[in-house]
Student: 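One structure follows; several queries about it will come next.
Numbering of ligands and ligand atoms starts at 1, following listing order. Since the structure is predicted, the reported quantities are computational estimates derived from the model, not experimental observations.
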Amino acid sequence: QIEININGQKFKVSSKLNILEACRKVGFEIEALCYHPSLGPVGTCKCCIVDVKSVSKQSFQRACACATELWEGMEIKTDSPKVREQLMSAVADLRKKQKNRNLLSKMVGIEKVNNSNHLMEEYIKNGEKRFKKSKNGKKQKKKVIVADENDTMLDNLIERVSNKFIDTTNLAIQVDHTKCIDCTRCIAACSNIQGMDIYSYDPPTTMNDFNSAESLMPAFNTKGKFLGDTLCISCGQCSLYCPSGAITEIDHTQKLDAVMKSKKKLVVVGMAPSARISMSEIFKLAPGSLTTGQCVHLLRLLGFNQVFDVQFAADLTIMEEGTELLHRMNDKENSVLPMFTSCCPGWVNLVEKKYPEIIPHLSSCKSPQQMFGSVIKNYYAKRLNLDPKDIYCVTVMPCTAKKKELDRPQFRNPKTGVKEVDLCLTVREMGRMVAKRGIEFSELEEREFDNPLGFSTGAAQLFASSGGVMEAALRSAYWLQKGVEFPSIEFKPVRSRKGIKESVIDFDGTPLRLAVVSGGKNIHKFLETWGTSSFNYDFIEIMACPDGCIGGGGQPRSNLDINPLRKQVVYQNENKLPSRSSYQNPLVKRLYKDWLKKPYDKVALKYLHTTYEP
Ligand code: HC1
Ligand code: SF4
């Protein structure tokens, strides 16, 4: 704790906060367009400008509140003539950008379906509010300059760039430059959190001259390439922090509506482990609430014929992955260790694009999403006496990369071309579907999943959080090896929020060296020593998003640092479930009895395992 002075009042606050966070904490509202608690300082919009008394000069200097750390005795003013001047100039820039973006949308023939307008308006008003509150503040004459619609340069520019304005070349994420409000949060998410650097920010040289056509060029870009041609791993972190709808998942709600309306197919759905935890946020319920039963009810109301649980497939994945690990460990001559998990398509994309030498180390297990689809199309279809093409398999995921995963050629029947999973909706898309139908989520009673894919264990719920796959795999691998329960059923070393977690356990007399990594930047750091003798592990869980799927790119957007709340619910719920290890799942046992016979055996290898390509 340190003492600081804001507008003449003294406050004790944590030294870990920045000025913006400290001001908000003690009740001085400061607006900022680019700030987000999970992103660190971005400092682009300049709306959070304040005055700070410099220790040495004894005079006040302007500072971006979001990017300035506190010090003992710091003196801050949120309002002064200089602050007002700069804030007004930032707000005026926003107004000009807003006008120009609107003009651009009109000229490239895009309907104003976006909310960026409204959002920018809100920020502008809020930004001005701080200024207006001041008693002695003089109103500055607003001067909004708009690009000339008859400018031939503008025509040329639009022709040059219009085909790039909505970039749908990536199967998971789309970028609509006309909605961009230049906050640059996407760049911060992609670079600071994921270490991918797909986006860049190049304000036109004439940025301050809003009469110029060049100023219409979006300052944010994908370095002259279409998104689909970059190294983007489709994790969607950029879309999670984009406040204006410029970066979103590729929307599949209309496609699904059409399939449902045609009534030609049996439409089944499976819900991901973390979707039941975050869905409540879409409907403005308390962040981090478990709503499994309501989600099942909701999916039925939306028209799905069968509502299943992807967690069932997570238990199945553990049986396969745990057995695969034992095979690799016990095959001393050919063993390819360490083994890396393969359930996260963002991570698989990263391996294939950037670290192809890791491919032999990736578990051959399909992800739970794809095991789910495979069971539906290859087992459940037979049970119902249906042609697999007459079943439409949908998943509800916290993930954008899953949309792309389902399109991998490996996940189609090689003879018929029928996909295992036909369509994946993010939690956000679900929210849009519900809003369209006018369903009141909070009033829904709980319902149960359908069987035979409707039961799961606590281990499967753990998948939602970074460290969960590791913990779940250890519980069952230990049992598969020794026939008894893993002694540390709650394996705490992998439960923290650290980006890189390491541990060694005694696995039946053998030390098993473990690592759990989440978030792109941590992954790059972790792999720095790959291939050297200091990289010394047996089993590694990797998830591309920070904190794992609870922090997935398809999750509801939040203004909070929300992952800890979601994580808490994962562990609370896991603890309450009747069975906590995947090998105890009676429906999984039945599936082996009826169809697969043994884990990691002939039938299982054919239907539940896959290959990778650099
Ligand atoms: Fe995930 Fe998974 S945990 S990858 O984040 O292994 O998306 O929730 O569904 O497939 O089970 C995602 C979540 C999810 C898969 C499972
Ligand atoms: Fe998708 Fe989860 Fe991987 Fe993120 S961590 S890319 S949400 S599977």
Student: Sort by chain and number the protein N/O/S atoms found under 2.8 Å from atom 3 (Fe) of ligand 2.
Tutor: Cys344 SG
Student: Consider ligand 1: state whether an atom of it lies below 4.0 angstrom from any non-hydrogen atom of Met397.
Tutor: yes
Student: Counting from 1, what ligand 1 atoms have a heavy atom of Ser367 closer than 4.0 Å?
Tutor: 10 (O)
Student: Flag the pair Tyr600 / Leu326 as yes when at least one side-chain heavy-atom distance between them is below 4.5 Å, and no otherwise.
Tutor: no
Student: Enumerate the atoms of ligand 1 whose separation from the nearest heavy atom of Ser274 is less than 4.0 angstrom.
Tutor: 8 (O), 13 (C)
Student: Should Pro398 be listed as contacting ligand 1, given a heavy-atom distance under 4.0 Å as the test?
Tutor: yes
Student: Consider side-chain contact (heavy atoms from CB on, under 4.5 Å). Of Met279, Glu446, Arg300, which one does Cys295 pass it with?
Tutor: Met279
Student: What residues, two or more places apart in sequence or in another chain, satisfy salt bridge (charged side-chain N to carboxylate O under 4.0 Å, His left out) together with Lys403?
Tutor: Glu429
Student: Counting from 1, what ligand 1 atoms have a heavy atom of Cys343 closer than 4.0 Å?
Tutor: 4 (S), 6 (O)
Student: With His361, which residues qualify under ring-ring contact (aromatic ring centres under 6.0 Å, His included), at least two apart?
Tutor: Trp530
Student: Any side-chain donor paired with an acceptor under 3.5 Å for Gln584 and Thr457?
Tutor: no
Student: Grab the two heavy atoms, one from Met470 and one from Ala515, that are nearest each other, plus how far apart they are.
Tutor: CE-O, 3.5 Å
Student: Please identify each residue that fulfils ring-ring contact (aromatic ring centres under 6.0 Å, His included) with Tyr35, with sequence neighbours left out.
Tutor: none
Student: Could you tell me if the ring centre of Tyr379 sits under 6.0 Å from that of Tyr607?
Tutor: no
Student: Does the side chain of Phe304 come within less than 4.5 Å of Leu256's, by heavy atoms?
Tutor: yes
Student: Hey, which atoms in ligand 1 end up nearer than 4.0 Å to a heavy atom of Pro368?
Tutor: 6 (O), 10 (O), 11 (O), 15 (C), 16 (C)
Student: Starting from atom 14 (C) of ligand 1, locate the nearest protein heavy atom and write down its residue, its atom name and how far away it is, to 0.1 Å.
Tutor: Pro273 CD, 3.6 Å
Student: Considering only heavy atoms from C-beta outward, does the side chain of Phe507 approach that of Leu325 to under 4.5 Å?
Tutor: no
Student: Going by heavy-atom distance to atom 4 (S) of ligand 1, choose the closest among Cys549, Cys424, Ala460, Ala472.
Tutor: Cys549
Student: May I ask you to list the atoms of ligand 1 that are less than 4.0 angstrom from any heavy atom of Val310?
Tutor: 11 (O)
Student: Verify the distance criterion only: is there a donor paired with an acceptor across the side chains of Ser581 and Glu485 at less than 3.5 Å?
Tutor: yes
Student: At less than 4.0 angstrom from any non-hydrogen atom of Gln369, what atoms of ligand 1 do you find?
Tutor: 10 (O), 15 (C)
Student: Which atoms from ligand 1 have a heavy atom of Ala314 less than 4.0 Å away?
Tutor: 11 (O)
Student: Kindly assign one of parallel, tilted or perpendicular to the pair Phe526 and Tyr537, based on the angle between their ring planes and the thresholds 30° and 60°.
Tutor: tilted
Student: Using a 4.0 Å heavy-atom cut-off, say whether Lys402 meets ligand 1 through its side chain, its backbone, both or neither.
Tutor: side chain
